[in-house]
Amino acid sequence: MSANFSFQRLAQCSQTKARAGVFFTPHGLVETPRFMPVGTLANVKTITPSQLRETGAQMILSNTYHLHLQPGEAIVAGGGGLHKFMGWNGPMLTDSGGFQVFSLSEMRKISEEGVIFRSPHDGQIINLTPERSIEIQNTLGADVIMAFDECPPYPASRQEVETATERTYRWLERCMVAHQSSEQALFGIVQGGVYLDLRSRAAEALAKLDLPGYAIGGVSVGEPPELMAQIVQVTAPLLPPEKPRYLMGVGTYREMAIAIASGIDLFDCVIPTRWARHGTAIVQGDRWNLKNAKFREDFTPLDETCPCYTCQNFSRAYISHLVRSQEILAYTLLSIHNITELIRFTQKIREAILGDRFIAEFGHWLSKADGAKEWESGRQGRVGE
């Protein structure tokens with residue numbers, strides 16, 4: 001790992017592979033396990049960087065493909081790089097644009113060289129190769145950059161997935177040659193669809209490359225939750241234990257708990273802000289629609305135990321009123337709470353791991369019998385976030 005990056009494991013659960021650690025970056029540390037909010041276009045929707053810091057966010061994400069389209073990486077660089085441009089001085093990660101290979105399937109063509117997209121804005125042809133993705137990410141200046149990968153859909157044949165997985169490895173090798181910045185850590189991405197032997201083979205091959213960190217991609221693309229759990233349980237332990245592990249596009253309580261039990265450290269998902277824009281609150285793992293009549297005269301906070309600005313100052317009735325009136329403040333208040341909620345969940349798990357209480361306090365999330373509602377994790381939704 002580059003001298004500017006390091007990962008320290010502080011504790012390991014005695015009954016699972018859950019671990020607590022610290023990921024050090026040039027823009028600060030990230031205490032793991034940790035949920036990371038998504039800010040596709042260099043902003044986490046409806047809230048300011050100051051409000052974002054108050055949620056407990058330490059590391060956030062932006063997207064290479066979308067920033068390349070608007071405003072363009074040259075403008076971001078002209079503004080001092082991604083951190084200064086958006087006023088966020090903490091760690092940042094940029095996705096490679098590889099997910100758009102999956103999500104924009106009707107607008108792209110894949111070859112060994114890379115992917116040709118047609119811009120949804122003006123129809124312009126965009127040729128995104130591994131080298132170009134790295135060049136754009138180097139220009140944007142995030143702390144962690146992702147290798148350009150091919151994310152196969154679900155369902156897909158074994159041959160289709162195997163072809164995408166092998167191409168992802170070859171593209172990673174090209175990304176490693178193209179990447180020259182010691183100020184940025186390049187993470188590789190394990191693909192393999194729902195085929196566990198392909199996942200294992202890919203993870204073992206990537207582990208030999210001694211990258212600064214590793215991600216598991218290609219989940220939350222339509223596969224059943226039990227298959228996602230199997231993918232993570234098989235793949236995560238094969239990745240180097242001394243490096244951070246990132247599960248892309250996952251952010252529900254149960255998904256994160258299962259992944260943490262398998263040794264995952266970092267997560268991202270669009271659901272906190274996306275659901276907020278639909279008038280939905282996440283409260284202790286449950287999903288509330290604030291448009292429901294029962295909230296109209298409920299003058300208690302969303303969650304009396306939550307320290308966020310929303311819960312400390314406003315009632316369910318007031319937020320319900322804002323949602324019904326389609327006031328922008330509703331989306332801000334709900335985004336603040338929802339992001340805080342998911343970060344607090346991972347913070348509590350971290351504290352439990354440090355005290356070796358993970359199974360005692362969070363074991364019920366590892367079983368379907370917990371009665372928790374399954375959520376759509378929404379990585380596909382990252383496109384429009």
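Side chains included, hydrogens not; waters and symmetry mates left out as well; all remaining heavy atoms used. This is a predicted model, so every value here is computed, not measured.
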Next on the checklist: Please enumerate all residues that pass side-chain hydrogen bond (donor to acceptor under 3.5 Å, both in side chains) together with Ser96, with sequence neighbours excluded.
Outcome noted: none
Checklist entry - Going by atom types only, do Asp143 and Gln184 share a side-chain donor-acceptor pair under 3.5 Å? => result no
Item to check | Check ion pair Arg167-Asp149 (N to O, under 4.0 angstrom) | outcome: no
Checklist outcome for this item: Closest non-hydrogen atoms of Phe358 and Ala261, given as atom of the first, atom of the second and distance, are CE2-CB, 3.7 Å
Checklist entry - Does Arg357 use its side chain to pair, donor to acceptor, with the backbone of Ile349 at less than 3.5 Å? => result no
Checklist entry - Does a donor on one side chain and an acceptor on the other come within less than 3.5 Å for Asn89 and His27? => result no
Item to check | Minimum heavy-atom distance between Arg199 and Gln191, given as atom pair plus value | outcome: CD-O, 3.5 Å
Checklist entry - What pairs with Arg158 under salt bridge (Lys or Arg N to Asp or Glu O under 4.0 Å), at least two apart in sequence or on another chain? => result Asp197
Checklist entry - With distance as the sole criterion, is a donor-acceptor pair present between the side chains of Thr55 and Gln51 under 3.5 Å? => result no
Next on the checklist: Can you confirm whether Glu304 is buried at CD, in the sense that more than 12 heavy atoms of other residues, nucleotides or ligands lie under 6.0 Å from that atom?
Outcome noted: no
Checklist entry - Would you say the side chain of Ile134 lies within less than 4.5 Å of the side chain of Met176, judging by non-hydrogen atoms? => result no
Checklist entry - Do the ring centers of Tyr253 and Phe345 come within less than 6.0 Å of each other? => result yes
Checklist entry - What residues form a ring-ring contact (aromatic ring centres under 6.0 Å, His included) with Tyr214, not counting sequence neighbours? => result none
Next on the checklist: Under a 4.0 Å threshold between the charged nitrogen and the carboxylate oxygen, would Glu113 count as salt-bridged to Arg174?
Outcome noted: yes
Checklist entry - Is the CD atom of Glu297 crowded by more than 12 outside heavy atoms at less than 6.0 Å? => result no
Checklist outcome for this item: Taken in chain and number order and not counting sequence neighbours, the residues that satisfy side-chain hydrogen bond (donor to acceptor under 3.5 Å, both in side chains) with Glu351 are none
Checklist entry - Members other than Ile116 in its cluster, when Ile, Leu, Val, Met, Phe, Trp, Tyr link by side-chain heavy atoms under 4.5 Å? => result Ile125
Checklist entry - side-chain hydrogen bond (donor to acceptor under 3.5 Å, both in side chains) between Ser14 and Asp356: does it pass, once the steps are laid out? => result CA-CA 7 Å; Ser14 60; Asp356 202 13; 2.8 Å; yes
Checklist entry - What residues, two or more places apart in sequence or in another chain, satisfy side-chain contact (heavy atoms from CB on, under 4.5 Å) together with Ala142? => result Leu82, Met92, Thr94
Next on the checklist: Within the structure provided, determine whether Thr280 and Leu334 are in side-chain contact (heavy-atom separation under 4.5 Å).
Outcome noted: no
Item to check | Separation between NE2 of His68 and OG1 of Thr139, rounded to the nearest 0.5 Å | outcome: 10.5 Å
Checklist entry - Closest heavy-atom contact between Gly39 and Ser62? => result O-OG, 2.7 Å
Item to check | Heavy-atom side-chain proximity of His337 to Cys306 below 4.5 angstrom | outcome: yes
Checklist outcome for this item: Separation between CG (Asn338) and OG1 (Thr310), nearest 0.5 Å, reads 8.5 Å
Next on the checklist: Within the 3.5 Å criterion, strictly below it, is a donor on Asn138 or Gln180 matched to an acceptor on the partner's side chain?
Outcome noted: no
Item to check | Between CZ on residue Arg344 and OG1 on residue Thr305, distance to nearest 0.5 Å | outcome: 4.5 Å
Next on the checklist: To check you understand the geometry: which heavy-atom pair defines the closest contact between Glu183 and Pro26, and what is its length?
Outcome noted: O-CG, 3.8 Å
Item to check | Exercise: identify the closest heavy-atom pair between Ala205 and Tyr169 | outcome: CB-CE1, 3.9 Å
Checklist entry - Can you check whether Ile343's main-chain N or O pairs, donor with acceptor, with Thr346's side chain at less than 3.5 Å? => result yes
Checklist entry - Do the side-chain N and O atoms of Thr163 and Gln159 include a donor-acceptor pair separated by under 3.5 angstrom? => result yes
Checklist entry - Are Arg296 and Arg324 side-chain neighbours, meaning at least one heavy-atom pair lies under 4.5 Å? => result yes
Item to check | Side-chain H-bond candidate by donor/acceptor type, Asp95 with Tyr65, under 3.5 Å | outcome: no
Next on the checklist: Do Leu247 and Asp268 make a side-chain contact, defined as non-hydrogen atoms from C-beta onward lying under 4.5 Å apart?
Outcome noted: no
Next on the checklist: Centre-to-centre under 6.0 Å for Phe314 and Tyr309, is that the case here?
Outcome noted: yes
Next on the checklist: With heavy-atom distances below 4.5 Å as the criterion, would you say the side chains of Lys45 and Arg277 are in contact?
Outcome noted: yes
Item to check | Heavy-atom closest contact (Gly87 atom, Pro49 atom, distance) | outcome: O-CB, 3.3 Å
